[in-house]
Amino acid sequence: MKIFVDTAKKDEIKEAESWGILDGVTTNPSLIKKAVETAGKGVSLEDYIKDILRTVEGPVSLEVGASSLEEMISEAKVLYDKFNPINDNVVVKIPVNTYMCDGDDNFSGIKATKALSDQGIPVNSTLIMTPNQALMAAKAGAAYVSPFVGRIDDLIRKRIGLKRGKDYPKGTYYPEELAIRVWENKLGRFIDEQEIDNIIYRDHEIMKLFDWANDNGIFSGIDMLWSVKKVYDEYEFDTEIIAASIRTARQVRLCAEMGVDIATIPFSVIEKMMIHRKTSQGMKAFCDDVIPEYQEILKG
Ligand code: E4P
């Protein structure tokens, strides 16, 4: 699985690059806003973006800011013409659907994807919330699609929270306790940690019991991703899947287990992927056990 960092902050991109694990970068207008706020005044955004492009060899997604077909195509071309010559690694991010309110149409994003892809500009079709949107984006020629795992979890978690009078914290996909209790009742015994993933992420039958615990038959962001992958595998689309809106290291593991092409991950989550309490304890024990004779050898 390729790892992209989901940030526009140069220090995070450079740090991840220095670990030798970075295959690309995704940005969006919100991430650029945050990066500029952090960098402070006086920074040339154009130079800043060019520096990001030089830092990574892999694809860097830059998103358009408009929502009309003509403006999206024009902005995408500006981004591509201005920045792709720097390191030949620009991908233009186009929302799959730019509808926001009455009067907007639902199809400018897909038309822009088709038009730009036909012109050889690689498109990352973003804000994908359903397997159907991912199917349409692939058919329109998108080089990448970005299903938003975390935002689907946000939606389902909020819905379940409202129903159950609870406020589930960000980072839970949906209340595990619910699925666990149902499953325990069914089995007539307690279940252990290792079984939890199977129940939450793979046993849709359980969650299907709860009409309000899904989004049109999708039971979590990871479930949505799984469905996108199944559709793509079925028809052998070339479009690569970028698991986006990742909130936890656990989601990254599930992406890797299902064989998703790419996960774009916030830097804070990439850091967490390296950490385990027992690794630190083991490290301390090994260091404490280095006897002087061994130390002599190690000095060379
Ligand atoms: C990347 O392509 C997306 O813009 C990003 O993953 C969105 O993440 P968020 O839902 O945490 O904002």
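As a basis for the values below, the full set of heavy atoms in this structure was taken, side chains included, without hydrogen atoms, waters or symmetry mates. Position 1 is the first residue of the sequence, and the numbers go up from there. Model, not experiment: these values are computed from the prediction. Counting convention: from 1, in listed order, for ligands and their atoms alike.
Judged as a ring-ring contact (aromatic ring centres under 6.0 Å, His included), the pairs with a partner in residues 6-42 (not counting sequence neighbours) are, in order, Trp19-Phe267. The ring-ring contact (aromatic ring centres under 6.0 Å, His included) pairs that include a residue from residues 50-87 number zero, where partners must be two or more places apart or lie in different chains.
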Quick check for students: name every N or O atom pair between ligand 1 and the protein closer than 3.5 Å, with distances.
| residue | atom | partner | partner atom | Å |
| --- | --- | --- | --- | --- |
| ligand 1 | 2 (O) | Lys93 | NZ | 2.7 |
| ligand 1 | 4 (O) | Asn28 | ND2 | 2.6 |
| ligand 1 | 4 (O) | Lys93 | NZ | 3.1 |
| ligand 1 | 6 (O) | Asp6 | OD2 | 2.5 |
| ligand 1 | 6 (O) | Ser245 | N | 2.7 |
| ligand 1 | 10 (O) | Arg151 | NE | 2.6 |
| ligand 1 | 10 (O) | Arg151 | NH2 | 3.4 |
| ligand 1 | 10 (O) | Ser245 | OG | 2.7 |
| ligand 1 | 10 (O) | Arg247 | NH2 | 2.9 |
| ligand 1 | 11 (O) | Arg247 | NE | 3.3 |
| ligand 1 | 11 (O) | Arg247 | NH2 | 3.2 |
| ligand 1 | 12 (O) | Arg151 | NH2 | 2.8 |

Going through the distances and angles, do Ser68 and Glu71 end up as a side-chain hydrogen bond (donor to acceptor under 3.5 Å, both in side chains)?
-> CA-CA 5 Å; Ser68 77; Glu71 283 173 309; 2.9 Å; yes
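Judged as a ring pair (Phe, Tyr, Trp, His ring centres under 6.0 Å), and not counting sequence neighbours, the contacts of Tyr232 are Phe237.
Between Lys229 and Asp233, at least one side-chain N (NZ, or NE/NH1/NH2) sits under 4.0 Å from a carboxylate O, which counts as a salt bridge.
Remark: the backbone N or O of Ala8 is paired with a side-chain donor or acceptor of Tyr48 at under 3.5 angstrom.
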